[in-house]
Amino acid sequence: MANLPQDFLEERKFMVARQLRGRGISDRRVLDAFETIPRHLFVPAEHRISAYADNPLPIGFNQTISQPFIVAYMTQTLELTGDERALEVGTGSGYQAAILSALAAEVHTVELIPALAERAARTLACLGISNVFIHVGDGSQGWKASAPYDAIIVSAAGPRVPPSLLDQLVDGGRMILPVGERGGQILELWRREGESFSHETLLPVAFVPLRGKEGV
Ligand code: SAM
């Protein structure tokens with residue numbers, strides 16, 4: 001029998017049922033994206049077997065791919081319908097960007113570490129994902145060249161909300177991000193209405209630091 005590469009479909013379905021649906025993720029499009037995107041291709045080979053576990057995993061350079069539930073929770077909160085231009089800060093492995101690619105029209109993602117950006121670009125290309133644009137730079141200042149964005153998701157935590165990111169939201173736009181120091185971070189959801197902004201706090205999290213001019 002041919003030695004076929006493992007596709008981890010059963011593990012993926014189990015992850016969606018237990019970790020996502022079981023904890024209140026109910027947006028059908030979000031659940032479908034998690035069932036489709038092969039998370040194991042976004043983690044280093046030595047962690048592939050644990051790719052669908054209920055925790056973050058190392059991806060090198062002292063960085064991590066976030067826990068599936070947190071990726072799903074943040075994604076669902078953005079209430080994407082398919083027409084949006086989205087920005088992600090902190091590409092890392094490219095997994096969150098791949099999930100967003102299935103839910104929005106166009107995804108821009110910014111990564112500070114060039115080697116991670118290159119690896120993520122290769123993974124996305126292998127999967128034939130063509131609506132994600134990876135940029136290398138300081139995402140704490142957003143990515144002005146493609147602004148404004150309907151939705152922004154920040155995958156690293158800074159001590160305060162970067163003003164540039166608020167600036168780059170469209171009227172009616174939403175942004176989800178972790179805010180706070182290590183050991184005391186909270187996910188916050190921000191909304192723009194004209195020139196005013198409102199926000200709510202959601203749940204405690206533990207992200208790697210958001211570096212850069214408007215980060216730590
Ligand atoms: N979303 C990623 C994924 O799906 O694999 C995980 C992101 S990891 C938790 C956080 C990432 O943010 C790291 O890759 C780190 O290098 C990056 N980062 C930290 N500060 C940044 C900044 N100012 N601009 C862009 N990326 C930054």
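The figures that follow rest on heavy atoms only: side chains count, while hydrogens, waters and symmetry mates do not. As the structure lists them, so they are numbered: ligands from 1, and atoms in each ligand from 1.
- Looking only at heavy atoms of the protein, atom 16 (O) of ligand 1 is closest to E111 OE2, 2.6 Å.
- Judged purely by distance below 3.5 Å, without hydrogens or angles, the side chains of R39 and Y52 never pair a donor atom with an acceptor atom.
- With R192 contributing its side chain and D171 its backbone, the two residues share no donor-acceptor pair below 3.5 Å.
- Every atom of ligand 1 is numbered from 1 in the order shown, and the set under 4.0 Å from a heavy atom of L210 is 20 (N), 21 (C), 22 (C), 23 (N).
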Original post:
Does the pair E214 and R160 meet the rule for a salt bridge (charged side-chain N to carboxylate O under 4.0 Å, His left out), with working shown?
Top reply: CA-CA 8 Å; E214 298 183 39; R160 65 197 79 80; over 6 Å; no
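- At least one heavy atom of S140 sits less than 4.0 Å from an atom of ligand 1.
- With hydrogens left out, the protein atom closest to atom 4 (O) of ligand 1 is Q96 N, 3.0 Å, a heavy atom.
- Aromatic ring pairs are classed by plane angle as parallel below 30°, tilted from 30° to 60° and perpendicular above 60°; the pair F8 and H40 is tilted.
- In this structure, the protein non-hydrogen atom closest to atom 12 (O) of ligand 1 is G90 CA, 3.2 Å.
- If you check each of P178, G92, S93 against atom 5 (O) of ligand 1, the one with the closest non-hydrogen atom is S93.
- Looking at Q96 and S66, their side chains never bring a donor and an acceptor atom within 3.5 Å of each other.
- Here the protein heavy atom with the shortest distance to atom 19 (C) of ligand 1 is P209 O, 3.5 Å.
- There is no side-chain donor-acceptor pair under 3.5 Å between T91 and E111.
- With 3.5 Å as the limit, one finds no donor-acceptor pair spanning the side chains of Y149 and H108.
- Compare R39, E88, Q63 by their heavy atoms: the one nearest to atom 1 (N) of ligand 1 is in E88.
- Listed by number with element, the atoms of ligand 1 under 4.0 angstrom from any heavy atom of Y95 are 4 (O).
- Heavy-atom contacts of L116 reach the following atoms of ligand 1: 14 (O) (cutoff under 4.0 Å).
- Among protein heavy atoms, atom 8 (S) of ligand 1 sits closest to T64 O, 3.1 Å.
- Side chains of E84 and T81: a donor-acceptor N/O pair is present below 3.5 angstrom, by distance only.
- Evaluated by nearest non-hydrogen atom to atom 2 (C) of ligand 1, the leading choice among T91, V216, I153, I65 is T91.
- The protein atom (non-hydrogen) at minimum distance from atom 26 (N) of ligand 1 is L112 N, 3.2 Å.
- The shortest heavy-atom contact between D138 and K213 is OD2-N, 2.8 Å.
- Of the protein's non-hydrogen atoms, S155 O, 3.2 Å is the one closest to atom 10 (C) of ligand 1.
- Remark: minimum distance from atom 20 (N) of ligand 1 to any protein heavy atom is reached at R211 N, 3.0 Å.
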